[in-house]
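Just so it is clear: chains get the letters A, B, ... in the order the sequence lines come, proteins before strands, and each one is counted from 1. Atoms considered below: every heavy atom in the structure, side chains included; atoms not considered: hydrogens, waters and symmetry mates.
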Amino acid sequence: MATYKIELIVKPKAGVRDPQGEAVDGAVKGLEVKGVKVHQVGRYLSMDVDARSTDEAKRIVDDLCKRLLVNPNLETYTARVEGA
Amino acid sequence: MATYKIELIVKPKAGVRDPQGEAVDGAVKGLEVKGVKVHQVGRYLSMDVDARSTDEAKRIVDDLCKRLLVNPNLETYTARVEGA
Amino acid sequence: MNPRPKAAVIVFPGSNGDRDIAESFERAGFAPVYVDSRETAPADTKVVGVPGGFSYGDYWRAGMLARYAPAMRALPEFVAKGGLVIGVCNGFQILVEAGLLPGALTYNNPPGFKHKWVTVEARETKQKSPWLTRVPRGMKLRWPMAHGEGNYYHPDGWDAIADNVPFVYDRNMNGSIGNTAAMLDSTGRVFGVMPHPDRATDPHIGSNDGALIFESAHDAVAQGLA
Amino acid sequence: MKPDLHNAGINMGLKPHELDHIEKQLGREPSLPELAVFAGMWSEHCSYKSSRSRLAMMPREAPYLLAGPGSHAGAVDVGEGWAVAFKIESHNHPSAVEPYQGAATGVGGILRDVIAQGARPCLVMDSLCFGPPHDAKSRHIAQGVVAGIAGYGNAIGLPNVGGKTVYDTRYEGNPLVNAMAAGLVRHDGMRTARAQGVGNAVVYAGASTGRDGILGAAFASVELGEDTTEKRSHVQVGDPFTGKKLMEACLSFGPELGLVACQDMGACGLTCAASEMAALGGVGIDLDLDAVPLREDGMEPFEVLVSESQERFLFVVEAAKAAEAVKHFEHYGVHAAVVGKVVAGGQFRALSQGSVVVDLPAALVADGAPKLNWPEAAALPPVAEYAEFSPPKDLGKPLLRMLSEPGIADLTNLYDHYDHTVGNRTVRGPGEADAAVMKLPGSARGFALTITGRGELCAVDPYRGALAALGEATRNLACVGAPIMAITDGINHGPPSDPVENRRLTETIRGLADGLKALGIPVTGGNVSLYNATAEGAIPPSPMVGAIGVVDDVSRVPRGELAADLALILCGTPLATPMTSAYGRIASGQLAGSNVSVDLAADKRLANLLVDAIRRGMVSFAKDAGAGGLLTALAKGCVRGRMGATISWTFEGRLDWHFFGETSGVAWVGVAPRFADAFLAMAKTCGVAAMRLGSSGGNRLSIKTGESSVLDISVDALRKAFTANERGAA
Ligand SMILES: Nc1ncnc2c1ncn2[C@@H]1O[C@H](COP(=O)(O)OP(=O)(O)O)[C@@H](O)[C@H]1O
Ligand SMILES: [Mg+2]
C-alpha cells in the first residue's frame, strides 16, 4: 500500500454553458485588462488515496468521480496522480 | 506576441478552515470509500493570455490574481503556463 | 422643515436588496436615491448603502468585483470626509473586499446558503458608531440572515477584531470567529453586517428591530455629525 | 413524403397522421428545419394536443380576472390598482435527468412568464414530489432539486414563501417539480404577446444561443450529419445573474421605448416565441437566423430555431426605435440584436445565409396541431378497502409516527435553503402559517398564496382527489383570512396513450372544473405535464393547485403556531370512519382505501367563517386539518409555538379515524377567551359546527375523551418526532 496524491480538476463539458466562466471573463474585461480571455471555470480538489499502484489509485478516483464528484451531464474531469 | 494557455488553481491558504473540503471529505466517507482523504477544495480557471514571453504572461496572471481572482487573506494560487 | 437627507443606494448588476435598504432608509426619514455602480453618488449624499444580493452573480468569489466600480472607488474619500457607509450581506462582503473593513468573508461552515431568523446581541466597541447610537449594549435584536458566504475570518484571530465587532450571533450560525455578525471600521462610520437589519424595518413583516440602525444614522445626519 | 423525411419526422417525435396533416396543409413536403419546427411546436408540451379540449371544461372568467388562460401568466385584481400575475410550470423530466439544473431552469422559466406579463416577480413557491428519502437515488434527486430552486431563486432575489413536499414510492425515478411564481403589475402595465405593425422590428435579448435542450434523440438521424446526439444537445444550464440583468432590462422596457409585444423563449425557443407572437397578431414574422447571437460554432438553422437556451426574450419593437432598444438592453449588460421584422401575411419565415429555410403559416405552427383523442377506459379499476386493523389504545404512538412521516414532518431543513424574506414583502413565509402572505407596496393590504396537491388521494379517485386539493387550498387561504379567488393549476399525469391513464386525466380535469364551479372561481392558466411514468408504472395523477386570495389587513393574519392562553375551538365535523389518508396508509401498510373524503361546500362555509372572524381581528391561531388529520395539525401548532394544549371532548366512532382521518371542512382556531362566545355565534350563522374544546398553555398536549385520557405527551417529545427525520428534508 502507498499513498498517492491526487489533484482533480472538474470543468464544464465542451459546449455546455458556463455562466461562471462568462461572468469572470466579463469581469476581467471590465478591469480593462487586454489580451486575456477566460475560457472556463471549474473546481479543484486535492486528495490522498491509498492504493497498491498508480492504476489502482486512478481506478478509485474514477469511481469516486462517477459516483460523487463529477456530474457527467455537465462536466468532465482530469486527475493527476503524483507517485507515493 | 504569442498566446499562452494558463491554468490557474486557487485554494484555501494553509491554516484557513475549508468547510467545503470537509464536506466533500464527509460525503466520500459517507459512500463508505476507504483510504481516501479529501484535503482541499478550490477553484480552477483556464485562460489565454497574449504576451511577449512566458515571464510576461506570468506577470499578467499574477497581477490579475492580486487585483481580482485571489483573496490573500484566505487563498493561495498556482498558475501553470503552457507555451505558445 | 429641513429636506430629507439623501441616502445613496449603490446598485450593482445582480444586486437584489437595493429596494429593501432603500425602503429602510426611507422609513427612517432619508430620501433614498439609487446610484448605478458605474456612476458616483450625488455630491450632497450623507449616507451610502451597499445592498445585499449577488453582485456580478457572486461567481468565483462573492463581492470580488464590486470594488472596482466607480461608485465604490469614491467611498474612501467619502468616508474620510465624514460620510457614513452601511453594507448589508453582499454589501458587507463588498466592503471587506474593497478593504474598507478588515478581514474576509468565506463559505459558511457548514457550507451552503441558509436563511434563518437570528438573534444578535449588541456589544461595546472601541469607536462609537453613528450607526448604533440607538442600540444599547446588550440589546438583543431579531433579523433574518440569508447568505452562503458569511463566515467571518481574520488572519490574526478574534483578539485583532474584538474591539470592532458591534454584533454577535447568539450562537454560531456560519463558522464566523467569535460569532461575528457585523464589523466597524476604525472610524465607526463604516458598518458591515451579515444578517439583514434592512429586512426588519416593517413591523408587519417579522420584526422592527432593524429600524434602530437606520434611525441612528438619521439622528447623526440631523445633528450634523455626518 | 419521401421515406427519409418521414423517418426523420418520426425520429423527432411526430406521429404519422401529423406528418400527413403537415403535407396536406402545406401542399408540399416540408423541409428538414420545418419538420424540426413542427416537432417542437406540436409536442405535447407546447401544443396541449391531448388535453386542450378537456381543459376547456374549467371556468375561466371572473370580473376581477385581468388576464386569463392563454396569456403568459394569468392576472387578478388585488386592489389599489395592483394585479398579481401568477402561474405554475412543471420541470419534471429535466429534473429527473439533471436535478439541479432542471429545477433551476424551471424557476427561471416560470419567472420569465411573469415578467412577460409586465409584472415584477415577487415570490416563488414550489410543489415537489419525490421518492422516499431512505432511497439514495431519490435523496440525491431531492437534494439537487432543492439546491437548484434555491440557487436560482436566491440569486435572482426572490423569496420562496412556501410550498408542498410529498415523498411517495410512486415518484421514484419520476420526481415532480412544479414551480409557481407571482409578480405585481399595475393594471395599466400589462403586456401582450400580440405582434403588430408591419415593418416593426423583432428584437432578441438575453443570453446567446447554444445547443441547449435540443431533444437529442429526436434529431439523431443521419440526415442531420455525423455528429453524435451527445454533441448536439446539452442540458439546459440556468444563469440567474443573466436572468436578473435581463429581468431588470425587460421590466424597464415599456411602450415609451417602443415596446409592442414580448414573449419569453421557453420550450421550443425562438420558434415558439416568434410563431406564437405572429399567430396572435395575425401577421407574419421573418427571422434572420444569421443575426441571432450564438454561443457555439457551426450551429445549423434548425438548432438555432428550436434551442432552449435559457434567459432569452423576444420583442416586437417599433421600427424607428429598434436601435435604441438594442442599446437599452446592452446598458443592462445583456446581448441584444435585431433578428427580424413583422411582415404582412401570416407566414413564419426563417432565413439563413440568404436562403429561406422555413416558410410556414404561423397559425399552423402555433395552433395547428391536430388534437389527439386517445382512447379512454370506460371506468377506473376498483380500489381495495384498507384491510381491517384494530384501533390503537392510546394516541401517543400513532401521533409520533405521523409527525415523523416524511412530507408531514418538519421541512425546515428543506426550506431554509431558500431565502424567504428578500424583497421585504413576506408577512408569512414557510412554516409560519397555512398559506404565504405578502404585502402590497406601501399598504397594509396584501395577498395570500398556497400551493397544494394530493397525489395520494388522486391515486384512488382522481375526481375527488382534485376536489380535495381545491378544498385544501380554500382552507389554507382561509386560515390567513383570504377568501379563495382564483387558481393556476399544474396537471401532472401518466401517459394518455394508456386508456386508464387517459381516463384518469379526464377525471382529474372534471374534478377541477366541478370544484371551481362549486367555489365560483376561475382558473387563470396552468401547465400540463403528461408521460410521467417509469418502467414501474405511471405516477399517481398529481394535480397541483396554486391558489390566491386577498388579505385586507395583514396585521390581522393569525399564525400557524400556538400561543399561550387561547381558547381552542374545533370547527367542522370530523368523521370517525375509514377514509383514504396518510394515517390509513401507515396503519394498514397499504396504498389503498377507497373513500376520499371531500365536501367543498363545508370547506366554503368554514372559509367564510374564518375570513370574517380574521377580518374582525378575533383569531390568533388557525390551522386546517390536512395530511395527518386534525390531531397532527394541532400537534404541529404546539411544536411550532412551543406551547402545550389541553383538550377534552366526547364523540362517536373510532378514536384513530376521528383524530387522524382527513375530513374536509375541519380546522382548529385559537382565539383570546373574550372572543370565544362571539366566534361560536358567528360559526352558527355561517352553518359551521364549532366546539370550544380546551385551551393552550403549559408544555404538554393532553386529550381526554369522556373520563379517559387518550393522550398526554410533552411538546418536547412531539418536537423530537417532528424534527427527527433530518434526512427527509433535502
Ligand atoms: N417545497 C417547499 N418549498 C417551500 N416551502 C415548503 C415546501 N414544502 C413545504 N413547505 C412549507 O413548509 C411548511 C410545512 O409544510 P406542510 O407540512 O405541508 O404544511 P403544514 O405543516 O403547514 O400543514 C409550509 O409552510 C409549507 O409552505
Ligand atoms: Mg394546511
Side-chain angles (χ1 to χ4, degrees), chain A residues 1-12 14 18 20-52 56-70 75-80 82 84, chain B residues 1-12 14 18 20-52 56-70 75-80 82 84:
Chain A
M1 268 313 192
T3 300
Y4 294 84
K5 291 207 169 308
I6 314 278
E7 292 203 310
L8 181 71
I9 288 167
V10 181
K11 45 188 165 183
D18 174 17
Q20 284 218 67
E22 287 169 31
V24 177
D25 189 52
V28 171
K29 300 263 182 319
L31 288 185
E32 288 169 27
V33 175
K34 285 202 191 95
V36 174
K37 164 85 199 137
V38 172
H39 287 300
Q40 288 191 305
V41 167
R43 282 173 293 133
Y44 162 88
L45 204 140
S46 71
M47 55 187 158
D48 281 355
V49 173
D50 293 341
R52 258 174 290 264
E56 198 195 21
K58 264 207 159 274
R59 261 202 311 281
I60 294 174
V61 173
D62 282 338
D63 180 57
L64 217 49
C65 286
K66 223 176 273 161
R67 288 171 67 195
L68 183 73
L69 301 174
V70 178
E75 300 169 326
T76 59
Y77 68 95
T78 50
R80 290 198 191 103
E82 262 178 55
Chain B
M1 269 308 192
T3 300
Y4 294 84
K5 290 204 171 311
I6 314 281
E7 291 202 312
L8 179 71
I9 288 167
V10 178
K11 47 189 163 182
D18 175 19
Q20 299 206 98
E22 289 168 31
V24 176
D25 191 52
V28 170
K29 301 268 183 309
L31 291 181
E32 290 169 26
V33 175
K34 285 202 191 96
V36 174
K37 167 81 201 140
V38 173
H39 288 300
Q40 288 192 303
V41 169
R43 293 188 298 264
Y44 163 88
L45 189 145
S46 71
M47 56 185 158
D48 281 357
V49 173
D50 293 340
R52 256 174 290 263
E56 197 194 21
K58 265 207 159 269
R59 258 202 313 281
I60 293 174
V61 172
D62 282 339
D63 180 56
L64 214 52
C65 286
K66 217 175 282 160
R67 287 175 67 196
L68 191 70
L69 299 174
V70 178
E75 301 166 327
T76 59
Y77 68 96
T78 51
R80 291 199 190 103
E82 263 178 53

Segment of Leu68(B) engaging chain A (4.5 angstrom heavy-atom cut-off):
side chain
Pick from Leu31(A), Leu69(A), Val61(A), Val33(A) with the largest number of heavy-atom pairs that fall under 4.5 Å of chain B:
Leu31(A)
Got Arg43(A) and Tyr44(B) here, is their nearest side-chain heavy-atom distance under 4.5 Å?
no
How long is the gap from NE2 on His39(A) to OG on Ser46(B), to the nearest 0.5 Å?
6.0 Å
Output for pair (Asp50(B) CG, Lys34(A) NZ), nearest 0.5 Å, gives 12.0 Å
Is Lys37(A) in contact with chain B via its backbone, its side chain, both, or neither, using a 4.5 Å heavy-atom distance?
both
Let me know if Glu7(A) has heavy atoms under 4.5 Å from chain B in its side chain, its backbone, both or neither.
side chain
Might you confirm whether atom NZ of Lys66(A) has over 12 heavy atoms from other residues, nucleotides or ligands at distances under 6.0 Å?
no
Report the option among Leu64(B), Ile60(B), Asp48(B) that has the most heavy-atom pairs separated by less than 4.5 Å from atoms of chain A.
Asp48(B)
Looking only at heavy atoms, which two atoms of Val36(A) and Met47(B) are closest? And how far apart?
CG1-SD, 3.9 Å
With respect to chain A, which residue among Leu8(B), Val38(B), Val10(B) yields the maximal number of heavy-atom pairs within a distance under 4.5 Å?
Val38(B)
